[in-house]
Participant: 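Submitted below is the structure of interest, expressed as structure tokens.
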Amino acid sequence: MLRRVKKYISDNNLLHDGAKVLVCVSGGADSVALLDVLLRAGYECNVAHCNFHLRGAESDRDEQFVRNLCRNIVSRIKTPAAWMEDGIPIFVKHFETESYAQSKKKSIELAARELRYEWFGELAQETGSTAIAVAHHQNDQVETVIMNIRRGCGLKGLCGMWPKSNNPYSGIQVPIVRPLLCTTHDYICHYLQDIRGLEWVEDSTNADTAYRRNAVRAELSQWTKAEIEHVAELAERVQKELQG
């Protein structure tokens, strides 16, 4: 995993060596793996965690898990840097997501997205981070491509998510990077459980197929790893074609 992600970062010019990175960590498997890999790769990481107060006690559980992770993960790094001495710096933001969604007449999903990415941009600037790292992987990429196709799309829709992009909800020019687009969710879980021995928490709403993306995710759970990889590779090829 470490070798694969480092190569993907290099091939796509996502981060320079030793860069300070704002890592967005929910506590789920994907974001835990992202933080672990970036730390092992030698990046200086600050952690951003959003508490949207949408799942009652589960939201607070996730926040506490991430706080504990930032304290304890240092012991899992072979040669910790001096800046890790007191743990990984963590910043937590509490949002009144439901009231914001109502006032803006937006869905909860869109409201949460707007709130977090606007804050990520502000926090990245405050911490001097050169990039905002999010944990999207190949399964997420395939979900995005399938949803774009169903809505009706051209070649840009087939690109899905790019390895590096601008923040759509902030005028602050700190790019969003996706170092895990080179791997699948299944491999991420294998990496955490069987290689690194790290725990994570599950978001119970991920099983709610009333959300469109979750419904697509449930469909894709029947796909093989090879099928997921093939569609993700298609998105990558289309991106390269459009870049010329």
Side-chain angles (χ1 to χ4, degrees), residues 5 8-9 12-16 18-39 41 43-55 59-60 62-67 69-70 73 83-84 87-101 103-104 106-137 140-141 143-144 160-181 188 200-201 203 205-206 211 213:
V5 173
Y8 188 78
I9 289 172
N12 291 277
N13 193 30
L14 301 187
L15 301 166
H16 62 76
K20 180 181 282 190
V21 187
L22 183 66
V23 187
C24 306
V25 181
S26 67
D30 309 321
S31 61
V32 172
L34 175 65
L35 176 61
D36 183 66
V37 169
L38 292 181
L39 289 172
Y43 296 103
E44 183 176 347
C45 298
N46 289 312
V47 165
H49 176 77
C50 300
N51 188 329
F52 293 110
H53 292 283
L54 293 172
R55 293 176 286 121
S59 293
D60 294 332
D62 292 355
E63 177 185 331
Q64 190 58 53
F65 174 85
V66 176
R67 289 186 184 277
L69 175 70
C70 288
I73 198 171
W83 64 267
M84 299 183 194
I88 309 304
I90 178 173
F91 301 85
V92 175
K93 183 79 169 180
H94 290 248
F95 295 103
E96 297 299 328
T97 315
E98 290 185 341
S99 60
Y100 177 86
S103 68
K104 299 294 183 179
K106 296 180 183 293
S107 69
I108 291 293
E109 288 176 289
L110 183 55
R113 178 179 171 83
E114 288 185 1
L115 288 168
R116 67 177 177 267
Y117 278 106
E118 182 178 8
W119 179 55
F120 291 160
E122 294 170 356
L123 185 57
Q125 185 177 60
E126 291 171 9
T127 57
S129 301
T130 59
I132 300 164
V134 294
H136 295 132
H137 46 72
D140 296 318
Q141 182 72 297
E143 290 167 15
T144 300
M161 295 177 286
W162 291 73
K164 178 187 279 190
S165 62
N166 294 326
N167 189 332
Y169 298 106
S170 174
I172 297 170
Q173 299 304 307
V174 179
I176 296 168
V177 297
R178 300 177 173 88
L180 299 186
L181 280 182
I188 287 169
W200 66 91
V201 290
D203 181 341
T205 63
N206 285 341
Y211 295 101
R213 183 173 285 274

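Hydrogens, waters and symmetry mates are skipped; everything else that's a heavy atom, side chains included, is used. None of the values given here were measured: they were computed from a predicted structure.
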Participant: Checking Leu123 against Lys93 for the side chain to side chain contact (heavy atoms under 4.5 Å, CB included) test, could you report, in this order, the C-alpha distance in whole Å, the side-chain angles of both residues, the deciding distance, and whether it holds?
Facilitator: CA-CA 10 Å; Leu123 185 57; Lys93 183 79 169 180; over 6 Å; no
Participant: State, with a plain yes or no, whether a side-chain heavy atom of Gln141 is found less than 4.5 Å away from one of His136.
Facilitator: no
Participant: Indicate yes or no: at least one non-hydrogen side-chain atom of Ser170 is less than 4.5 angstrom from one of Phe120.
Facilitator: no
Participant: Could you report the tightest heavy-atom contact between Ile132 and Ala124, atom names first, then the distance?
Facilitator: CG1-CB, 3.8 Å
Participant: Looking at every non-hydrogen atom in both residues, tell me the closest pair between Ser31 and Cys24 and how far apart they are.
Facilitator: CB-O, 3.5 Å
Participant: Is the side chain of Glu98 donor-acceptor paired with the backbone N or O of Glu96 at a distance under 3.5 Å, no angle test?
Facilitator: no
Participant: Provide the closest heavy-atom pair for Thr144 versus Gly160 in the form atom of the first, atom of the second, distance.
Facilitator: CG2-CA, 4.0 Å
Participant: Under a 4.5 Å cut-off applied to non-hydrogen side-chain atoms, are Val25 and Leu34 in contact?
Facilitator: no
Participant: Would Arg113 and Glu109 pass as an ion pair if we require N to O under 4.0 Å?
Facilitator: no
Participant: Just by distance, do the side chain of Thr97 and the backbone of Ala112 share a donor-acceptor pair under 3.5 Å?
Facilitator: no
Participant: Side chain to side chain contact (heavy atoms under 4.5 Å, CB included), that's the test. Do Ile73 and Asp36 meet it? Break it down for me.
Facilitator: CA-CA 8 Å; Ile73 198 171; Asp36 183 66; 4.0 Å; yes
Participant: How close do Ala131 and Leu15 get, heavy atom to heavy atom, and via which atoms?
Facilitator: CB-CD2, 3.5 Å
Participant: Between Asn167 and Glu118, is there a side-chain heavy-atom distance shorter than 4.5 Å?
Facilitator: no
Participant: Please assess Thr127 against Phe91 for the test side chain to side chain contact (heavy atoms under 4.5 Å, CB included), listing each intermediate value before the final yes or no.
Facilitator: CA-CA 10 Å; Thr127 57; Phe91 301 85; 3.8 Å; yes
Participant: Report the C-alpha separation of Glu63 and His49 in whole Å, then their side-chain angles, then the decisive distance to 0.1 Å, and conclude whether the side chain to side chain contact (heavy atoms under 4.5 Å, CB included) test is met.
Facilitator: CA-CA 7 Å; Glu63 177 185 331; His49 176 77; 3.7 Å; yes
Participant: Measure the shortest side-chain to side-chain distance between Tyr43 and Val23 over non-hydrogen atoms and say whether it is less than 4.5 angstrom.
Facilitator: no
Participant: Relative to the ring of Phe95, is the ring of Trp119 parallel (under 30°), tilted (30 to 60°) or perpendicular (over 60°)?
Facilitator: perpendicular
Participant: Measure the CE-CG distance between Met161 and Leu181 for me, rounded to the nearest 0.5 Å.
Facilitator: 5.5 Å
Participant: What heavy-atom pair brings Leu180 and Asp30 nearest, and what distance separates the two atoms?
Facilitator: CD1-O, 3.5 Å
Participant: Using modelled atom types only, decide if a donor and an acceptor are shared between the side chain of Asn12 and the backbone of Leu14 within a distance under 3.5 Å.
Facilitator: no
Participant: Taking the side chain from Asn46 and the backbone from Lys20, do they hold a donor-acceptor pair closer than 3.5 Å?
Facilitator: no
Participant: Are the side chain of Asp62 and the backbone N or O of Ser59 linked by a donor-acceptor pair below 3.5 Å?
Facilitator: no
Participant: Looking only at heavy atoms, which two atoms of Ile88 and Cys45 are closest? And how far apart?
Facilitator: CG2-O, 3.4 Å
Participant: Under 3.5 Å, is there a donor-acceptor pair between the side chain of Lys164 and the main chain of Asn13?
Facilitator: yes
Participant: Can you find a pair of side-chain heavy atoms, one from Arg178 and one from Asp140, that are under 4.5 Å apart?
Facilitator: no
